[in-house]
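These values consider heavy atoms only, across backbone and side chains, with no hydrogens, waters or symmetry-generated copies. Note that ligands are numbered from 1 as they come in the structure, with each ligand's atoms numbered from 1 the same way.
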Amino acid sequence: MEFWRAHMPKGMFLRSACDWHLDPQNVHTIEAYLQSRGQTPKDVEPLSLDFYLTYVDWFQQQKNIESLPVYIKQLDRENDHFAATTVNGDVINAKHVVLAPGFRHFAHIPADLKAKLPAGSFQHTCEYVDFTDATNKRYLIVGGRQSAFEWAALLLEAGAAAVHLSHRHDSPAFAVADWSWVKPMVDNMVDDPSWFRRLSQKEKDDISYHMWSEGRLKIEPWLESRLQSERVKVWPQTEIVSCIENESGEFEVKLTNGEAITVDKIILATGYKVDIARLPVLSAGNLLEQIETRNGFPVLNDHFETSVRGFFITSMPAMQDFGPFFGFTNSVRTSARLIIARLCSESARRHPS
Ligand SMILES: Cc1cc2nc3c(=O)[nH]c(=O)nc-3n(C[C@H](O)[C@H](O)[C@H](O)COP(=O)(O)OP(=O)(O)OC[C@H]3O[C@@H](n4cnc5c(N)ncnc54)[C@H](O)[C@@H]3O)c2cc1C
């Protein structure tokens, strides 16, 4: 959960609700956690990041999950096992490895946008989450989806003097997103893991578009009143034409609608894009060249196993083979069950009773 703790801002709210819990056994759900506190979903929705992290801590305690707080620097395949070298130089040998790398290394900055900005003038949203220095600062946020508008609200509340939002498309509507159709789809994949990959390209595209449009064409309504301020200027259907840093260290930005704005900071709310070659743990070792990939995603079997036997990858990199829902917490129950099923069947094969 490091991404949630270190790369999401304090005061953020989740888009998902209490039904997207973490327990494949449906015991230690968010609702069970609320019951233990004498609360109901109504008391806590929309879920704050702080609340969600207390649920995760509780979940970890209930399940007796102990974690080793160390980064793996490099992962290699050696004969019949894997060797994970930690940043401390220790080596952990394992028969199986599951990689759940999350979002961090997939932060996406479009090349054409980067080319227009002076080096060092911008930060991706996941790198700019501490707003203690925001007072009286002027911001340009490039992007126009939930993150762009939520960062804008949080910056206003932190005392920003001005927040400009520039995006290439129309501004999304403040409307309640409907995710109710996602959970049954993902839950059913426990019994039919190849369901998504068997669909025609058109069917896959329709589902991806449905997911995309709920998430991207709508902004959570609880943001609307927080953005009612003269300090916010929204510039839909615009792109940056040029950006120069003046002698005072301010950024003078011209937009395609002719608007010229001066800001102190530029934040890129430009999302995430999977390319597993960007994962340092893989690029440092010998696994990357052995894993079959397609469009930057690993090719996975029904149990999230890559073309390297015993090596599993889940979360965002599983989206191509399992569907766009796999970038969200909701899918962990399904991926956990499918990976464990594969490990148990191998164990039974090796140790027949
Ligand atoms: C702005 C934003 C809002 C979101 N809102 C929601 C939401 O409302 N609901 C929802 O369900 N999902 C939401 N998501 C998606 C959510 O962040 C992901 O579903 C979730 O983080 C995936 O969890 P994860 O554990 O796979 O990855 P992460 O939370 O990214 O965790 C990755 C973990 O891997 C560890 N790690 C990485 N590299 C190494 C290494 N080399 N060695 C050791 N450890 C390593 C990290 O330390 C970290 O603990 C949101 C994402 C973003 C960006």
Side-chain angles (χ1 to χ4, degrees), residues 1-22 30 45-49 51-53 55-56 59-60 65 67-76 84-88 90 92 94 97-108 124-129 141 143 145-154 177 179 182-183 186 211 214-216 218-220 222-223 267-274 276 278-285 287 304 312-319 322 324-336 339:
M1 300 305 297
E2 188 193 20
F3 186 83
W4 294 77
R5 293 183 204 279
H7 298 281
M8 291 187 179
K10 274 200 170 45
M12 197 186 114
F13 285 90
L14 271 63
R15 305 193 76 179
S16 53
C18 290
D19 55 335
W20 286 19
H21 65 86
L22 295 175
I30 299 181
E45 284 176 356
L47 300 180
S48 69
L49 174 61
F51 168 81
Y52 188 74
L53 290 173
Y55 163 64
V56 172
F59 178 80
Q60 191 169 349
I65 299 169
S67 62
L68 189 63
V70 67
Y71 285 110
I72 305 299
K73 189 171 66 183
Q74 177 171 339
L75 195 57
D76 290 287
T85 310
T86 73
V87 284
N88 305 331
D90 298 330
I92 302 168
V97 173
V98 180
L99 197 68
F103 278 57
R104 167 92 196 280
H105 295 289
F106 302 133
H108 175 55
H124 189 274
T125 41
C126 74
E127 300 300 342
Y128 188 65
V129 292
I141 299 178
R145 307 298 181 191
Q146 176 73 16
S147 292
F149 284 87
E150 188 158 17
W151 261 245
L154 290 166
W179 309 107
V182 174
K183 190 166 181 290
V186 175
M211 191 83 191
E214 288 301 329
R216 303 284 169 21
K218 294 177 179 176
I219 306 175
E220 295 299 325
W222 38 260
L223 277 176
I267 312 297
L268 306 185
T270 42
Y272 298 83
K273 194 174 173 193
V274 172
I276 61 161
R278 290 177 65 189
L279 293 172
V281 71
L282 290 186
S283 56
L287 272 168
F304 295 82
F312 302 77
I313 302 187
T314 181
S315 87
M316 209 188 176
M319 280 169 34
F322 286 84
F325 348 92
F326 278 79
F328 296 89
T329 55
N330 183 42
S331 59
V332 299
R333 299 184 308 276
T334 295
S335 46
I339 292 169

S.K.: Give the atoms of ligand 1, by number and element, whose distance to some non-hydrogen atom of F3 is under 4.0 Å.
M.R.: 28 (P), 29 (O), 30 (O), 53 (C)
S.K.: Would F328 and M211 count as a side chain to side chain contact (heavy atoms under 4.5 Å, CB included) if you check the C-alpha gap in whole Å, the side-chain angles of each, and the deciding distance to 0.1 Å?
M.R.: CA-CA 11 Å; F328 296 89; M211 191 83 191; 3.5 Å; yes
S.K.: Is V70 close enough to touch ligand 1? Criterion: a residue heavy atom under 4.0 Å from a ligand atom.
M.R.: yes
S.K.: Would G327 count as being in polar contact with ligand 1, using the rule that some N or O on each side must be under 3.5 angstrom apart?
M.R.: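 Yes; at least one N/O pair falls below 3.5 Å.
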S.K.: Can you list the ligand 1 atoms lying under 4.0 Å from a non-hydrogen atom of Y272?
M.R.: 53 (C)
S.K.: Taking side chain as C-beta onward, heavy atoms only, is V97 less than 4.5 Å from L287?
M.R.: no
S.K.: How far is atom 39 (C) of ligand 1 from the closest protein heavy atom, and which atom is that?
M.R.: Y71 CD2, 3.9 Å
S.K.: Test of understanding: given a 4.0 Å heavy-atom threshold, classify the contact between T314 and ligand 1 as side chain, backbone, both, or neither.
M.R.: neither
S.K.: Considering only heavy atoms from C-beta outward, does the side chain of M316 approach that of K273 to under 4.5 Å?
M.R.: no
S.K.: Specify the closest pair of heavy atoms between I30 and H21, including all atoms of both residues, with the distance to one decimal.
M.R.: N-CB, 3.6 Å
S.K.: Pick from Y52, Y55, F51: which one makes a ring pair (Phe, Tyr, Trp, His ring centres under 6.0 Å) with W4?
M.R.: Y52
S.K.: Against ligand 1, does R104 come closer than 4.0 Å with any heavy atom?
M.R.: no
S.K.: Is there at least one protein heavy-atom neighbour under 4.0 Å from atom 9 (N) of ligand 1?
M.R.: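 Answer yes: something from the protein, a heavy atom, is under 4.0 Å.
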S.K.: Do any N or O atoms from the side chain of E150 and from the backbone of M12 form a donor-acceptor pair under 3.5 angstrom?
M.R.: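 Such a contact is absent between E150 side chain and M12 backbone.
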S.K.: Which of the atoms of ligand 1 are close to E2, meaning less than 4.0 Å from one of its heavy atoms?
M.R.: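 What qualifies from ligand 1 is 46 (C), 47 (O), 48 (C), 49 (O).
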S.K.: For S147 and ligand 1, does the shortest N/O to N/O distance drop below 3.5 Å?
M.R.: no
S.K.: Identify the closest protein heavy atom to atom 12 (N) of ligand 1: which residue and atom is it, and at what distance?
M.R.: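 Answer for atom 12 (N) of ligand 1: F328 CD2, 3.5 Å.
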S.K.: So is there a nitrogen or oxygen of H105 less than 3.5 Å from a nitrogen or oxygen in ligand 1?
M.R.: no
S.K.: How close do D19 and K183 get, heavy atom to heavy atom, and via which atoms?
M.R.: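 Closest heavy-atom pair between D19 and K183: O-CE, 3.3 Å.
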S.K.: State whether the side chain of R278 and the backbone N or O of A107 hold a donor-acceptor pair below 3.5 Å, judged by distance alone.
M.R.: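 Yes, because the side chain of R278 sits within donor-acceptor range (under 3.5 Å) of the backbone of A107.
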S.K.: Pick one of side chain, backbone, both or neither for how Q146 approaches ligand 1, counting any non-hydrogen atom pair under 4.0 Å.
M.R.: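 Contact part for Q146 vs ligand 1: neither.
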S.K.: Under the 4.0 Å line, does any protein heavy atom show up next to atom 19 (O) of ligand 1?
M.R.: yes
S.K.: Give yes if a backbone or side-chain nitrogen or oxygen of M12 is under 3.5 Å from a nitrogen or oxygen of ligand 1, and no if not.
M.R.: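 Between M12 and ligand 1 (N or O atoms, distance only) the closest approach is not under 3.5 Å.
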S.K.: Considering only heavy atoms of S315, which atoms of ligand 1 have at least one such atom less than 4.0 Å away?
M.R.: 26 (O)
S.K.: For atom 34 (O) of ligand 1, which protein heavy atom lies nearest, and how many Å away is it?
M.R.: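 Its nearest protein heavy-atom neighbour is A100 O, 3.7 Å.
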S.K.: Backbone or side chain, does any N or O of R15 fall under 3.5 Å from an N or O of ligand 1?
M.R.: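 Yes; at least one N/O pair falls below 3.5 Å.
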S.K.: Numbering the atoms of ligand 1 from 1, which are under 4.0 Å from a heavy atom of G102?
M.R.: 26 (O), 27 (O), 28 (P), 30 (O)
S.K.: Would you say the side-chain atoms of E220 pair up with the backbone N or O of Q146, donor to acceptor, closer than 3.5 Å?
M.R.: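 Flag not set: sc E220 to bb Q146 has no pair under 3.5 Å.
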S.K.: Under 4.0 Å from atom 36 (N) of ligand 1, do we find at least one protein heavy atom?
M.R.: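 Answer no: nothing from the protein, no heavy atom, is under 4.0 Å.
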S.K.: Within the 4.0 Å heavy-atom shell around M8, which atoms of ligand 1 are there?
M.R.: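 By the 4.0 Å cutoff, the relevant atoms are 2 (C), 3 (C), 4 (C), 17 (O), 50 (C), 51 (C), 52 (C).
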S.K.: In terms of ring plane angle, is the pair F3 and F103 parallel, tilted or perpendicular, where the classes change at 30° and 60°?
M.R.: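 Tilted.
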S.K.: State which residue, out of H124, H7, H108, fulfils the ring pair (Phe, Tyr, Trp, His ring centres under 6.0 Å) condition with Y272.
M.R.: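 Only match with Y272 under ring pair (Phe, Tyr, Trp, His ring centres under 6.0 Å): H124.
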S.K.: Tell me the closest heavy-atom pair linking A148 and I141, and the distance in Å.
M.R.: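 Where A148 meets I141 most closely, the heavy atoms are O-CD1, 3.6 Å.
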S.K.: Do any non-hydrogen protein atoms sit less than 4.0 Å from atom 22 (C) of ligand 1?
M.R.: no
S.K.: Below 4.0 Å, non-hydrogen atoms only: which portion of S16 touches ligand 1? Side chain, backbone, both or neither.
M.R.: both
S.K.: Closer than 3.5 angstrom, by distance alone: can the side chain of W179 be matched with the main-chain N or O of W20 as a donor-acceptor pair?
M.R.: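 Absent.
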S.K.: Mind listing the closest non-hydrogen atom pair of T314 and A100 along with its distance?
M.R.: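 Heavy atoms only, the tightest pair is CG2-CB, 3.8 Å.
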S.K.: For ligand 1, which atoms have a heavy atom of M1 less than 4.0 angstrom away?
M.R.: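 With M1 as reference, the close atoms of ligand 1 come out as 49 (O).
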S.K.: What is the closest protein heavy atom to atom 16 (C) of ligand 1, and at what distance does it sit?
M.R.: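 Result for atom 16 (C) of ligand 1: W4 CZ2, 3.4 Å.
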S.K.: Heavy-atom pairs closer than 4.0 Å: do any link ligand 1 to the side chain of P101, the backbone, both, or neither?
M.R.: backbone
S.K.: Run the salt-bridge test on R104 and E127 with the 4.0 Å N-O cut-off and return the result as yes or no.
M.R.: yes
S.K.: Do you know which two heavy atoms are closest between G11 and L154, and how far apart they sit?
M.R.: O-CD2, 3.7 Å
S.K.: Under 3.5 Å, N or O to N or O, is N330 touching ligand 1 that way?
M.R.: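 Looking only at distances, the answer is no, because the N/O contact criterion of under 3.5 Å is not met.
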S.K.: Using a strict 4.0 Å cut-off to heavy atoms of I72, name the atoms of ligand 1 that fall inside it.
M.R.: 40 (C), 41 (N), 42 (N), 43 (C)
S.K.: When rounded to the nearest 0.5 angstrom, what is the spacing between CD1 in I313 and CD1 in I276?
M.R.: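 That separation rounds to 4.5 Å.
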S.K.: Measure the distances from the heavy atoms of F13 to every atom of ligand 1 and state whether one is below 4.0 angstrom.
M.R.: no
S.K.: Please check atom 50 (C) of ligand 1 for a protein heavy-atom neighbour under 4.0 Å.
M.R.: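 Given the 4.0 Å limit, the answer for atom 50 (C) of ligand 1 is yes, a protein heavy atom qualifies.
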S.K.: I need the nearest protein heavy-atom contact for atom 11 (O) of ligand 1: residue, atom name and distance, please.
M.R.: T329 OG1, 2.5 Å
